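What you see is a predicted model, and the numbers here were worked out from it, not measured in a lab.
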Amino acid sequence: MGSSDKQQKLDARYLRMARIWAENSYCQRRQVGALVVKDKMIISDGYNGTPSGFENVCEDDNNVTKPYVLHAEANAITKLARSNNNSDGATIYITASPCIECAKLIIQSGIKRVVYGEKYRLTDGIDLLKRAGIEVVYMDVNSNTET
């Protein structure tokens with residue numbers, strides 16, 4: 001088994017773990033999970049939801065996501081600021097493709113690799129990551145294949 005096969009298996013495993021972590025989200029419309037991995041160690045995790053101390057309701061009465069809901073990646077990256085870990089050279093596994101705001105955070109945090117499992121109609125986040133020289137891998141979690 002080559003190192004790329006091994007990496008692909010690891011990627012699929014961490015992405016499945018991110019999907020399980022997403023189940024912690026109280027959001028009704030969409031549950032998203034993110035894991036930051038460095039040196040084969042999970043150094044941070046996040047799921048989409050309201051900021052600390054807010055009620056765990058993500059949508060308003062019209063089922064529109066509230067503007068202050070944090071994305072999974074933002075939660076995982078900001079959690080690192082309160083820890084002794086740093087994300088230089090790390091990989092982030094996200095169950096959905098990152099938006100442009102989260103892409104900016106990923107770039108600034110020193111993460112060098114993004115593996116995501118669900119494509120979003122807007123690609124501006126992915127485009128920005130590629131422009132910044134970050135390795136971006138789309139992986140269909142259901143079929144375990146990289147593209």
* List the steps and the verdict of side chain to side chain contact (heavy atoms under 4.5 Å, CB included) for R29 and N63. => CA-CA 8 Å; R29 289 182 65 198; N63 200 31; 3.5 Å; yes

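By the criterion of side-chain heavy atoms lying less than 4.5 angstrom apart, applied directly or through intervening Ile, Leu, Val, Met, Phe, Trp or Tyr residues, Y26 is not grouped with V69; the two fall into different hydrophobic clusters. Connection of I126 to I106 is established within a shared hydrophobic cluster, with ILVMFWY side chains joined at heavy-atom distances below 4.5 Å, either directly or through further cluster members. When hydrophobic clusters are built by joining Ile, Leu, Val, Met, Phe, Trp and Tyr residues whose side-chain heavy atoms come closer than 4.5 Å, directly or via intermediates, I107 is not grouped with L70.
In this view, S25 and N48 satisfy the side-chain hydrogen bond (donor to acceptor under 3.5 Å, both in side chains) rule, not counting sequence neighbours. With sequence neighbours left out, the side-chain hydrogen bond (donor to acceptor under 3.5 Å, both in side chains) criterion links T123 to D127. The side-chain hydrogen bond (donor to acceptor under 3.5 Å, both in side chains) search around R30 returns E118, not counting sequence neighbours. The side-chain hydrogen bond (donor to acceptor under 3.5 Å, both in side chains) test applied to D124 returns no partner, not counting sequence neighbours. Not counting sequence neighbours, D61 has no partner by the side chain to side chain contact (heavy atoms under 4.5 Å, CB included) test. Considering only residues two or more places apart in sequence or on other chains, A81 meets the side chain to side chain contact (heavy atoms under 4.5 Å, CB included) condition with none of them.
Of all heavy-atom pairs between A103 and G125, the closest is CB-O, 3.4 Å. G33 and A22 get closest at one heavy-atom pair: N-CB, 3.3 Å. The heavy-atom pair separating A74 from C102 by the smallest distance is N-SG, 4.2 Å. Contact record, P98 with L129: CG-CD1, 3.7 Å, taken as the closest heavy-atom pair. Shortest non-hydrogen contact noted between A18 and L35 is N-CD1, 3.7 Å. Counting all heavy atoms, side chain and backbone alike, A76 lies closest to S44 at O-OG, 2.6 Å.
K130 has its side chain out of reach of E135: every pair of non-hydrogen atoms, C-beta onward, lies at least 4.5 Å apart. Counting only heavy atoms from C-beta outward, the side chains of Q31 and T95 never approach each other to under 4.5 Å. When side chains are defined from C-beta on, K119 counts as touching Y138, because their heavy atoms get closer than 4.5 Å. Counting heavy atoms from C-beta on, the side chains of I42 and Y14 come closer than 4.5 Å. The closest side-chain heavy-atom distance from V36 to T91 is not below 4.5 Å. A heavy-atom distance below 4.5 Å is not found between the side chains of V115 and I94.
Hydrophobic cluster membership for L122: Y120 (Ile, Leu, Val, Met, Phe, Trp, Tyr linked by side-chain heavy atoms under 4.5 Å, directly or transitively). As a member of the Ile/Leu/Val/Met/Phe/Trp/Tyr network built from side-chain separations under 4.5 Å, W21 groups with Y47. Taking Ile, Leu, Val, Met, Phe, Trp and Tyr as members and joining any whose side-chain heavy atoms lie under 4.5 Å apart, directly or through other members, I20 forms no hydrophobic cluster with any other residue.
Sequence neighbours left out, the pairs with a member in residues 70-83 that pass side chain to side chain donor-acceptor pair (under 3.5 Å) are D45-K79. Pairs engaging residues 103-112 under the side chain to side chain donor-acceptor pair (under 3.5 Å) rule: E101-K104 [sequence neighbours left out].
Side-chain atoms of D39 do not come within 3.5 Å of backbone N or O of M41 as any donor-acceptor pair. Side-chain N or O atoms of N86 include one that pairs as donor or acceptor with a backbone N or O of D88 at under 3.5 Å.
The CD1 atom of I43 sits 5.5 Å away from the OG atom of S87 when rounded to the nearest 0.5 Å. A distance of 10.0 Å separates CD1 of I92 from CD1 of I134, quoted to the nearest 0.5 Å. The CD atom of E59 lies 5.0 Å from the OG1 atom of T65; values are rounded to the nearest 0.5 Å.
Between D11 and R113, at least one side-chain N (NZ, or NE/NH1/NH2) sits under 4.0 Å from a carboxylate O, which counts as a salt bridge.
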Using residues 51-58 as the side-chain source, report each donor-acceptor pair under 3.5 Å to any protein atom, sequence neighbours left out, with the distance given to one decimal.
unit_1	atom_1	unit_2	atom_2	d
E55	OE2	K66	NZ	3.0
E55	OE2	Y68	OH	3.3

